[in-house]
A.B. asks: 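After the structure tokens below, expect a handful of questions from me.
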There are 2 protein chains.
Amino acid sequence: MKHSAHPVLSGTRFTVTYTLTGNKRQALDKAHDICYEQTVEFPPDLVPESLINNGIVGRIEDFGRSGRGSYRADISFSAETVGAASGGIELTQLLNVIFGNISLKPGIKVESLALPSDMLRLFQGPRFGAAGLRRLVGTADRPLICTALKPMGLPPLELARQAYLFALGGIDIIKDDHGLADQPFCPFGERVARCAEAVHKANGETGRSAVYMPNITVPADNLTQRVRSAVERGAGALLVIPGITGIDTIRLVAEDESCDLPVVSHPAFWGSFTVNPYSGLSHYVLYGQLMRLAGADAVVFPHHGGRFAFSREDCLNIARGCSADMGHLKKCLPAPGGGVTKDKLRDMIDLYGRDFILLIGGELHRGEKDLAENSRRFVEMLENGVS
Amino acid sequence: MKHSAHPVLSGTRFTVTYTLTGNKRQALDKAHDICYEQTVEFPPDLVPESLINNGIVGRIEDFGRSGRGSYRADISFSAETVGAASGGIELTQLLNVIFGNISLKPGIKVESLALPSDMLRLFQGPRFGAAGLRRLVGTADRPLICTALKPMGLPPLELARQAYLFALGGIDIIKDDHGLADQPFCPFGERVARCAEAVHKANGETGRSAVYMPNITVPADNLTQRVRSAVERGAGALLVIPGITGIDTIRLVAEDESCDLPVVSHPAFWGSFTVNPYSGLSHYVLYGQLMRLAGADAVVFPHHGGRFAFSREDCLNIARGCSADMGHLKKCLPAPGGGVTKDKLRDMIDLYGRDFILLIGGELHRGEKDLAENSRRFVEMLENGVS
């Protein structure tokens, strides 16, 4: 039987830019290796001529020095290597071709992707995106503010009390701390019901549209059920940890027709991908491009200078990845957090502009007043900061 | 409302051993930080006394020097932090507590886990395990042999022809190359039907019990459907890339009641976790302990000295993790591969003993004879090698 070509992707190629360490010879060897390892995975001398001619083997499109002891290679792959017989693209297989086996080899970093519009069209991308998220919470002119319900260990009623006060104080998005799952001391269903109710109550008093965002990171067979449970109980957005559940689960939630809520990614378990400057995935591609392909409306990550190890440049690259041109895919919002304090506001606005979600946690619990008053003061400070 | 404790886990704690870089003071600071960051995620001075007293905050159980500029900390966590209100344990939340946020901090590596039997009892673990896999393929006395159908780009009939010859030649497990998904040039359903049929045909001639193992790495919403499709078409084992689909999908397949097949993990996309000696996850914990908790019956990884960067020590640690005592959890089989050639057999047997799956790829295509004859010679060589 002759197999027909992919209905859309036949002849289409996409390009991945890699940074490769070593001298020129070594880096070029790595580039050639990627062409084979990521596709035919076969000794080059044994690959049938036809598979090289028909473009299944990757191709080096460009190669040049990128820094001291490092080179840049643009390598193109046939879109058919990631296409599905049904006509779409499998995001899982796209990840596999971009960085599957070569993740196991040292000195190879994925810097960025360039997907042609034929391919981008097959991704829905963020359902809300930056503009949609703004509309949802009704905050037009300043960075959005998000805070977390914590600490782990408190029961639903305690967290709901916090949620009420935060919403009353003007916080836009009130999220579960990422460590809240379905623990016996704080069961998911009851927590979501109580917290969503508390935020709705506060909205009734303020006339605002704050949303409650539960953490739906969950075993694979329960994800869809947990999305439904969150929707039914009045959640306004959903938080997922793709480092744990797999990047494709972001897409699953973003495309879930039973729910029409924004989905936000959390970076837990992802540190290993970005910890090494010459290995893994760039901040730009992981937090920016891949999250938008998957459909995240916002991406949480650690702002530099807090208690995590990201640099200012890393944060800037995430922001760039969230808004770089990707055809019809909406921009998503960077959501820097992790030890954000008042004295960092100026730098954050300088770095991200107005289009970001400021994620503030423990700091709001530290003021002399109650959570609502602390939140109010913080919102005011931010409004003054950008005016 | 008072929340009741977890029916099984109340009072139970589990321990994670971390390697921490720095001098003693710095390493101890990191250990304290892990206790808070992985649980309450709150400034220590703001944590309610009750959450420290009831054990929600992690506890340093042991701390000592482990090498030049590195320390070892045993940190215990309440099992309730990972328990589900329904009574079980969420593997996703276990991963989150072990390494979620602290993955984003430098110089922290997860070395090993110690879960008490109360917790281990809540995991099914490998359904077949090492002994069950041996029984399934009917090979009692030597390492099992697995090879891959490749290269990507060939149509189902070509791969089925290979599968037939490999099975005829005595290969135990014939797997999809991990880059085979559902591409237009080789659709999943047709590939599985043809290849399974080819292996069954060969089994009829040899009287052996070789199995065909398709790659079921797939978007999240299609996994269960693809498992069913593979079962219906006669697959004998299933290959998953948990680095792409999430570790918990291994569990989903291992516990799927609609299928009674072994599940094997492939290491693509996982390189970043182990590339750094002082950050990420140890080979022992990722390929060994976590895969057994999830239920993998065998784990593929690159044997040292091939085209990947694992050391002999890394491989040994994987083998140890596959067979270390974990209560009722069955042992799983290490499946070293990645550029295995005949001259490596002696070392592999020295290193892994008899209980492993030897994964050989391109090398079988290199002999002067056809794939069946090349396979036969290789099986014989292995049998002589261990006799």
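Basis for what follows: all heavy atoms, side chains included, without hydrogens, waters or symmetry-related copies. Just so we're on the same page: letters track the sequence lines, and every chain starts at 1.
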A.B. asks: Under a 4.5 Å heavy-atom cutoff, which of Val218(B), Val57(B), Leu154(B), Ile241(B) has the most pairs with chain A?
C.D. replies: Val218(B)

A.B. asks: Relative to chain A, which of Pro302(B), Gly280(B), Gly361(B), Pro267(B) shows the most heavy atom pairs under 4.5 Å?
C.D. replies: Pro267(B)

A.B. asks: Val47(A), Asn101(A), Ile98(A): which one forms the most heavy-atom pairs within less than 4.5 Å of chain B?
C.D. replies: Asn101(A)

A.B. asks: By a 4.5 Å heavy-atom criterion (distance strictly below it), what part of Leu95(A) contacts chain B: side chain, backbone, both, or neither?
C.D. replies: both

A.B. asks: Report the option among His178(B), Gln38(B), Lys105(B), Glu37(B) that has the most heavy-atom pairs separated by less than 4.5 Å from atoms of chain A.
C.D. replies: His178(B)

A.B. asks: Surrounding OH of Tyr278(B) (heavy atoms of other residues, nucleotides or ligands, distance under 6.0 Å), is the total greater than 12?
C.D. replies: no

A.B. asks: Does Phe269(B) reach the side chain of Leu281(A), with side-chain heavy atoms less than 4.5 Å apart?
C.D. replies: yes

A.B. asks: Would you mind checking which part of Asp221(B) comes under 4.5 Å of any heavy atom in chain A, side chain (CB onward), backbone (N, CA, C, O), both or neither?
C.D. replies: both

A.B. asks: Select, from Gly243(A), Pro242(A), Gly246(A), Gly100(A), the one with the greatest count of heavy-atom pairs under 4.5 Å involving chain B.
C.D. replies: Gly100(A)

A.B. asks: With a 4.5 angstrom heavy-atom cut-off, could you sort out which part of Val275(A) is near chain B: side chain, backbone, both or neither?
C.D. replies: side chain

A.B. asks: Calculate, to the nearest 0.5 Å, the distance between atoms NE2 and CZ belonging to His365(B) and Phe42(A) respectively.
C.D. replies: 4.0 Å

A.B. asks: Is the backbone N or O of Ala84(A) less than 3.5 Å from a side-chain atom of Asp182(B), with the two atoms forming a donor-acceptor pair by type?
C.D. replies: no

A.B. asks: So which heavy atom on Gly271(A) is nearest to which on Leu104(B), and how close?
C.D. replies: CA-CD2, 3.8 Å

A.B. asks: With rounding to the nearest 0.5 Å, note down the distance linking OG1 in Thr92(A) to CG in Leu223(B).
C.D. replies: 10.0 Å

A.B. asks: Please give me the minimum heavy-atom distance between Asp248(A) and Pro219(B), naming the atom from each residue.
C.D. replies: OD2-CA, 3.2 Å

A.B. asks: Less than 4.5 Å apart, side chain to side chain, heavy atoms only: is that true for Asn96(B) and Thr217(A)?
C.D. replies: no

A.B. asks: Please classify the contact between Glu363(A) and chain B as side chain, backbone, both or neither, with a heavy-atom cut-off of under 4.5 Å.
C.D. replies: neither

A.B. asks: Pick from Asp45(B), Thr224(B), Ile102(B): which one has the most heavy-atom pairs with chain A under 4.5 Å?
C.D. replies: Asp45(B)

A.B. asks: Does Ser272(A) reach the main-chain N or O of Phe273(B) with its side chain, forming a donor-acceptor pair under 3.5 Å?
C.D. replies: no

A.B. asks: At a 4.5 Å cut-off on heavy atoms, which part of Thr81(A) comes close to chain B: side chain, backbone, both, or neither?
C.D. replies: both

A.B. asks: Determine the option with the most heavy-atom pairs under 4.5 angstrom with chain A, choosing from Leu252(B), Thr245(B), Asn276(B), Asp177(B).
C.D. replies: Asp177(B)

A.B. asks: Tell me if a side-chain donor or acceptor on Glu80(B) pairs with a main-chain N or O of Gln183(A) at a distance below 3.5 Å.
C.D. replies: no

A.B. asks: Is it the side chain or the backbone of Phe310(A) that comes within 4.5 Å of chain B heavy atoms, both, or neither?
C.D. replies: side chain

A.B. asks: So which of Phe301(B), Phe188(B), Phe99(B), Trp270(B) has the biggest tally of heavy-atom pairs under 4.5 Å with chain A?
C.D. replies: Phe99(B)

A.B. asks: Identify the heavy atoms of Gln93(A) and Gly179(B) that sit nearest to each other, and give their distance.
C.D. replies: NE2-O, 3.0 Å

A.B. asks: Where is the tightest heavy-atom contact between Ala181(B) and Glu90(A), given as atom of each residue plus distance?
C.D. replies: CB-OE1, 3.6 Å

A.B. asks: For Ile56(B) versus Phe185(A), what's the shortest heavy-atom pair and its separation?
C.D. replies: CD1-CE2, 3.6 Å

A.B. asks: Contact part of His266(A) toward chain B, heavy-atom cut-off under 4.5 Å: side chain, backbone, both or neither?
C.D. replies: side chain

A.B. asks: Identify the heavy atoms of Thr249(B) and Ala220(A) that sit nearest to each other, and give their distance.
C.D. replies: CG2-CB, 4.2 Å

A.B. asks: Is it the case that the side chain of Lys150(B) and the backbone of Glu41(A) share a donor-acceptor pair, with hydrogens and angles ignored and the cut-off at 3.5 Å?
C.D. replies: yes

A.B. asks: Can you name the residues that form a side chain to side chain donor-acceptor pair (under 3.5 Å) with Lys30(A), not counting sequence neighbours?
C.D. replies: Thr21(A)

A.B. asks: Check each atom of Pro48(A) against the heavy atoms of chain B and say whether the ones under 4.5 Å are side chain, backbone, both or neither.
C.D. replies: side chain

A.B. asks: Is it the side chain or the backbone of Ile244(A) that comes within 4.5 Å of chain B heavy atoms, both, or neither?
C.D. replies: both

A.B. asks: Looking only at atom types and distance, does a side-chain atom of Ser103(B) sit under 3.5 Å from a main-chain N or O of Ala268(A), one as donor and one as acceptor?
C.D. replies: no

A.B. asks: What part of Asp33(A) lies closer than 4.5 angstrom to a heavy atom of chain B: side chain, backbone, both or neither?
C.D. replies: neither

A.B. asks: Looking at CZ of Arg366(B) and CG of Leu46(A), how far apart are the two atoms once the value is rounded to the nearest 0.5 Å?
C.D. replies: 4.5 Å

